[in-house]
**Student:** 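Would you mind keeping the following structure in view while I ask a few things?
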Amino acid sequence: MKNSKLISVLTSLSPIICNRFKKYLESPYFNSKLEIINLYEIIEKNIGNQEISKHDIWRNLTPNTPYDDKRLRHLNS
């Protein structure tokens with residue numbers, strides 16, 4: 001997951017912009033999916049962790065469902 005475009009964009013943002021982006025995601029006007037907010041929070045907590053994989057993120061995001069790469073990629077976009 002360390003080479004994903006999402007991670008590279010989020011690491012390039014300043015803390016102020018990251019805070020504003022999180023508020024944007026939490027706005028019901030722009031986003032109605034709780035999974036996206038949870039995905040952002042998981043990535044934000046593990047942004048310095050180089051060993052986190054897609055499977056680890058999926059396990060934290062949806063603990064009781066099997067890994068679905070297509071759905072995770074859709075959430076990333």
Side-chain angles (χ1 to χ4, degrees):
M1 193 72 184
K2 65 180 179 178
N3 294 328
S4 76
K5 291 180 184 179
L6 178 63
I7 299 288
S8 65
V9 167
L10 290 177
T11 55
S12 69
L13 298 177
S14 69
I16 294 170
I17 300 297
C18 282
N19 189 17
R20 289 181 183 169
F21 181 64
K22 185 175 181 180
K23 288 180 182 179
Y24 165 79
L25 288 177
E26 292 172 345
S27 168
Y29 183 76
F30 295 106
N31 179 25
S32 61
K33 293 185 179 185
L34 184 61
E35 285 181 326
I36 294 176
I37 298 168
N38 293 338
L39 175 66
Y40 176 77
E41 289 174 352
I42 291 167
I43 290 174
E44 185 181 38
K45 288 178 189 174
N46 296 297
I47 202 118
N49 186 358
Q50 295 295 327
E51 280 120 31
I52 191 154
S53 68
K54 290 181 178 182
H55 294 282
D56 295 333
I57 291 173
W58 183 260
R59 215 172 308 128
N60 288 327
L61 188 61
T62 57
N64 297 326
T65 58
Y67 177 71
D68 185 0
D69 190 54
K70 182 178 178 182
R71 189 167 163 210
L72 183 61
R73 285 185 284 127
H74 181 2
L75 288 173
N76 278 332
S77 68

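Heads up: numbering here begins at 1 and tracks the sequence. Computation of the quantities below employed the complete heavy-atom set of this structure, encompassing side-chain atoms and omitting hydrogens, waters and symmetry-equivalent molecules.
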**Student:** Side chains of residues 17-24: which donor-acceptor partners sit under 3.5 Å, not counting sequence neighbours?
**Tutor:**
none

**Student:** With sequence neighbours excluded, tell me which residues meet salt bridge (charged side-chain N to carboxylate O under 4.0 Å, His left out) with Glu35.
**Tutor:**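 Applying salt bridge (charged side-chain N to carboxylate O under 4.0 Å, His left out) to Glu35 gives Arg71.
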
**Student:** Taking only residues two or more places apart in sequence, or in another chain, which ones meet Ser12 in a side-chain contact (heavy atoms from CB on, under 4.5 Å)?
**Tutor:**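 Not a single residue meets the side-chain contact (heavy atoms from CB on, under 4.5 Å) criterion with Ser12.
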
**Student:** Nearest 0.5 Å please: distance from the CG atom of Leu75 over to the CG atom of Leu39.
**Tutor:**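 The CG atom of Leu39 is 6.0 Å from CG of Leu75, to the nearest 0.5 Å.
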
**Student:** Under 4.5 Å between side-chain heavy atoms, hopping through other hydrophobics if needed: is there a path connecting Ile16 to Tyr40?
**Tutor:**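 No, separate clusters.
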
**Student:** How long is the span from the CG atom in Asn46 to the CD1 atom in Ile42, to the nearest 0.5 Å?
**Tutor:**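 Result: 8.0 Å between the selected atoms.
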
**Student:** Side chains of residues 58-68: which donor-acceptor partners sit under 3.5 Å, not counting sequence neighbours?
**Tutor:**
from	atom 1	to	atom 2	distance (Å)
Trp58	NE1	Thr62	OG1	3.2
Trp58	NE1	Thr65	O	3.3
Trp58	NE1	Pro66	O	3.0
Arg59	NH1	Asp56	OD1	3.3
Arg59	NH2	Asp56	OD1	3.3
Asn60	ND2	Asp56	O	3.3
Thr62	OG1	Trp58	O	3.3
Thr62	OG1	Thr65	OG1	2.8
Thr65	OG1	Thr62	O	3.4
Tyr67	OH	Asp69	OD1	2.6
Asp68	OD1	Lys70	N	3.4

**Student:** Roughly how far, to the nearest 0.5 Å, is the CG atom of Leu72 from the OG atom of Ser4?
**Tutor:**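 The OG atom of Ser4 sits 9.5 Å away from the CG atom of Leu72.
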
**Student:** Any link between Val9 and Leu25 through a network of hydrophobic side chains (Ile, Leu, Val, Met, Phe, Trp, Tyr) touching at under 4.5 Å?
**Tutor:**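 Each belongs to a different hydrophobic cluster.
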
**Student:** Partners of Glu41 by side-chain hydrogen bond (donor to acceptor under 3.5 Å, both in side chains), sequence neighbours excluded?
**Tutor:**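 For Glu41 there are no side-chain hydrogen bond (donor to acceptor under 3.5 Å, both in side chains) partners, ignoring immediate neighbours.
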
**Student:** About how many Å separate CD1 of Ile43 and CG of Leu6, when rounded to the nearest 0.5 Å?
**Tutor:**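 It is 4.5 Å, given to the nearest 0.5 Å.
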
**Student:** Give every residue pair that meets the salt bridge (Lys or Arg N to Asp or Glu O under 4.0 Å) criterion with at least one member in residues 7-18, sequence neighbours excluded.
**Tutor:**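 Not a single pair qualifies under salt bridge (Lys or Arg N to Asp or Glu O under 4.0 Å).
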
